[in-house]
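This report concerns only the one structure given below.
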Amino acid sequence: MTHTSLMPEQATLDCLIIGGGPAGLTAAIYLARFLRRIRVIDGGDSRAAWIPKSHNHPGFPEGIGGRDLLARLREQALRYDVDIQTGEVETLERSSNGEFRATMDGTEHRARFLLLATGVTDVEPPLAGVRDAMRGGLLRQCPICDGYEARGKSIAVIGGGRAGAGEALFLRGYSEDVTIVSAGLPLDMDEKMRERVMQSGINLIHPALVSFEREGDGARLFFSDGSAHTCDILYSALGIVPRADIAEALGIGVSEDKRILTDAHQRTSLDTCYAAGDVVTGLNQIGVAMAQGEIAAVDIHNRLRAQQGLALDAAQAQK
């Protein structure tokens with residue numbers, strides 16, 4: 001769905017938000033309520049949409065699905081006439097007068113401030129049926145989100161090295177039956193790491209995982225040596241890829257793992273450009289993304305107030 005407001009397409013915006021996930025939509029709601037001229041460009045592929053049901057997001061004691069949460073956020077934004085356009089940004093630059101200029105489908109969008117809420121992409125196991133398993137809740141990505149629901153169940157963690165070992169050790173606190181398997185890559189653990197894992201009662205399966213199928217409410221895993229293993233839940237620990245290409249093209253500072261670096265106000269190294277959500281933080285949680293969107297929106301509004309002479313002084317505009 002594309003919502004078009006009465007704001008002229010070519011009008012200079014107070015803020016252009018790239019990304020329509022929890023961070024971007026939360027910032028949009030705040031800025032709209034501040035009576036700011038804003039626009040959201042949504043690629044339509046928020047990571048949150050893959051969450052079958054979240055039980056740790058505050059305010060939803062019965063849990064809420066990712067798509068439902070996004071729909072609610074979008075509905076709330078539209079109540080304030082937020083201009084949400086679906087598509088991908090093709091070019092983005094900062095002009096000599098300080099404005100940001102983005103193009104999408106040949107149309108230029110100009111803004112005084114920019115908020116990047118582009119998120120991350122999960123590295124999926126190279127196995128058939130992965131996406132259906134994710135939608136159905138069989139294959140999960142975040143033990144912080146739903147490790148509680150896995151308590152007492154048999155768990156298989158797909159991944160090797162530090163990431164796989166770390167996730168398996170985290171999940172060991174919920175279950176005595178945790179196994180690490182590999183999807184085509186070596187488990188890649190040094191002796192110290194392997195010892196820590198095995199002392200914790202975590203099993204290791206060395207042959208490569210080549211396929212899986214549903215078996216009842218769980219899964220049956222098949223390995224390259226012909227063996228099989230059953231489990232109740234699969235977790236993927238193959239990491240994520242931050243969607244920070246736009247930021248890097250603008251010369252914005254990123255961390256070693258390609259997350260956008262920000263300060264306490266969500267400002268990046270490029271003045272008037274902000275970032276929020278999973279593309280920034282190492283803790284990929286909806287509540288964190290929404291809070292960062294709120295922080296960025298308030299800071300943007302305060303800076304605009306200062307420019308309008310509606311703040312006591314520059315220091316006050318930082319609060």
Side-chain angles (χ1 to χ4, degrees), residues 1-49 51 57-59 64 66-89 92 99-105 107-120 243 246-247 260 262 265-268 272-281 285-305:
M1 172 182 176
T2 299
H3 174 78
T4 304
S5 73
L6 299 178
M7 182 169 50
E9 197 78 20
Q10 297 299 323
T12 298
L13 306 163
D14 289 320
C15 184
L16 176 66
I17 299 170
I18 301 178
L25 289 174
T26 299
I29 291 166
Y30 270 64
L31 286 166
R33 288 175 55 83
F34 291 144
L35 305 180
R36 294 301 175 186
R37 295 169 298 170
I38 63 171
R39 182 170 295 135
V40 177
I41 295 180
D42 179 13
D45 56 351
S46 172
R47 185 177 188 243
I51 301 172
H57 186 56
I64 184 168
R67 290 184 182 275
D68 188 10
L69 180 63
L70 289 171
R72 291 183 183 215
L73 287 168
R74 193 180 182 98
E75 178 186 357
Q76 189 171 352
L78 292 176
R79 288 190 181 195
Y80 300 105
D81 290 325
V82 172
D83 184 355
I84 303 175
Q85 301 196 5
T86 303
E88 298 287 341
V89 171
L92 178 63
E99 288 184 353
F100 291 97
R101 298 189 176 188
T103 59
M104 184 187 76
D105 295 333
T107 299
E108 183 178 78
H109 306 267
R110 304 196 310 270
R112 298 162 70 185
F113 285 85
L114 177 69
L115 173 59
L116 299 176
T118 47
V120 299
R243 299 171 183 159
I246 288 178
I260 300 175
T262 62
H265 297 282
Q266 302 306 129
R267 301 178 188 179
T268 71
T272 68
C273 179
Y274 291 68
D278 290 354
V279 75
V280 171
T281 181
Q285 294 291 291
I286 292 171
V288 174
M290 294 170 75
Q292 290 178 341
E294 294 164 7
I295 292 168
V298 171
D299 198 61
I300 290 168
H301 176 58
N302 283 343
R303 292 179 72 180
L304 288 165
R305 283 197 306 124

Drop me the distance from [X]'s [atom1] to [Y]'s [atom2], to the nearest 0.5 angstrom.
{"X": "Leu16", "Y": "Arg110", "atom1": "CG", "atom2": "CZ", "answer": "12.0 Å"}
{"X": "Leu92", "Y": "Met104", "atom1": "CG", "atom2": "CE", "answer": "13.0 Å"}
{"X": "Arg112", "Y": "Arg303", "atom1": "CZ", "atom2": "CZ", "answer": "10.5 Å"}
{"X": "Asp83", "Y": "Arg37", "atom1": "CG", "atom2": "CZ", "answer": "13.0 Å"}
{"X": "Thr268", "Y": "Leu114", "atom1": "OG1", "atom2": "CG", "answer": "8.0 Å"}
{"X": "Phe113", "Y": "His301", "atom1": "CZ", "atom2": "NE2", "answer": "11.5 Å"}

Taking all heavy atoms of [X] and all of [Y], pick out the closest pair and write down the distance.
{"X": "Ala32", "Y": "Val82", "result": "CB-CG2, 3.6 Å"}
{"X": "Cys15", "Y": "Ile300", "result": "SG-CD1, 3.9 Å"}
{"X": "Gly24", "Y": "Ala117", "result": "N-CB, 3.7 Å"}
{"X": "Ala275", "Y": "Ile260", "result": "CB-CG2, 3.7 Å"}
{"X": "Leu70", "Y": "Ala49", "result": "CD1-N, 3.8 Å"}
{"X": "Ala289", "Y": "Gly277", "result": "CB-CA, 3.7 Å"}

>> Checking Arg79 now: which residues fulfil side chain to side chain donor-acceptor pair (under 3.5 Å) with it, not counting sequence neighbours?
In response: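 Checked Arg79 against side chain to side chain donor-acceptor pair (under 3.5 Å); matches are Glu75.
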> Run the side-chain contact (heavy atoms from CB on, under 4.5 Å) check on Ile18 and Leu116 step by step: do they pass?
Replying inline: CA-CA 5 Å; Ile18 301 178; Leu116 299 176; 4.0 Å; yes
Student check: side-chain heavy atoms of [X] and [Y] closer than 4.5 Å:
{"X": "Gln266", "Y": "Asp299", "answer": "no"}
{"X": "Ile38", "Y": "Leu115", "answer": "no"}
{"X": "Arg72", "Y": "Ile64", "answer": "yes"}
{"X": "Asp14", "Y": "Phe34", "answer": "no"}
{"X": "Thr107", "Y": "Gln85", "answer": "no"}
{"X": "Phe100", "Y": "Thr272", "answer": "yes"}

>> Check this for me: Arg36, atom CZ, are more than 12 non-hydrogen atoms of other residues, nucleotides or ligands nearer than 6.0 Å?
In response: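 It does: Arg36 CZ has more than 12 such atoms within range.
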>> Pair Gln292, Thr262 - check side-chain contact (heavy atoms from CB on, under 4.5 Å), show working.
In response: CA-CA 10 Å; Gln292 290 178 341; Thr262 62; 5.8 Å; no
>> Show, in sequence, the C-alpha distance, side-chain angles and deciding distance for Ile295 and Tyr274, and conclude whether the side-chain contact (heavy atoms from CB on, under 4.5 Å) test is met.
In response: CA-CA 10 Å; Ile295 292 168; Tyr274 291 68; over 6 Å; no
>> What verdict does the side-chain contact (heavy atoms from CB on, under 4.5 Å) test give for Leu25 and Ile84, after you've listed the backbone C-alpha separation in whole Å, the side-chain angles of each residue and the deciding distance to 0.1 Å?
In response: CA-CA 9 Å; Leu25 289 174; Ile84 303 175; 4.1 Å; yes
>> Given Ile286, which partner from the list Asp278, Leu69, Thr26 fulfils the side chain to side chain contact (heavy atoms under 4.5 Å, CB included) test?
In response: Leu69
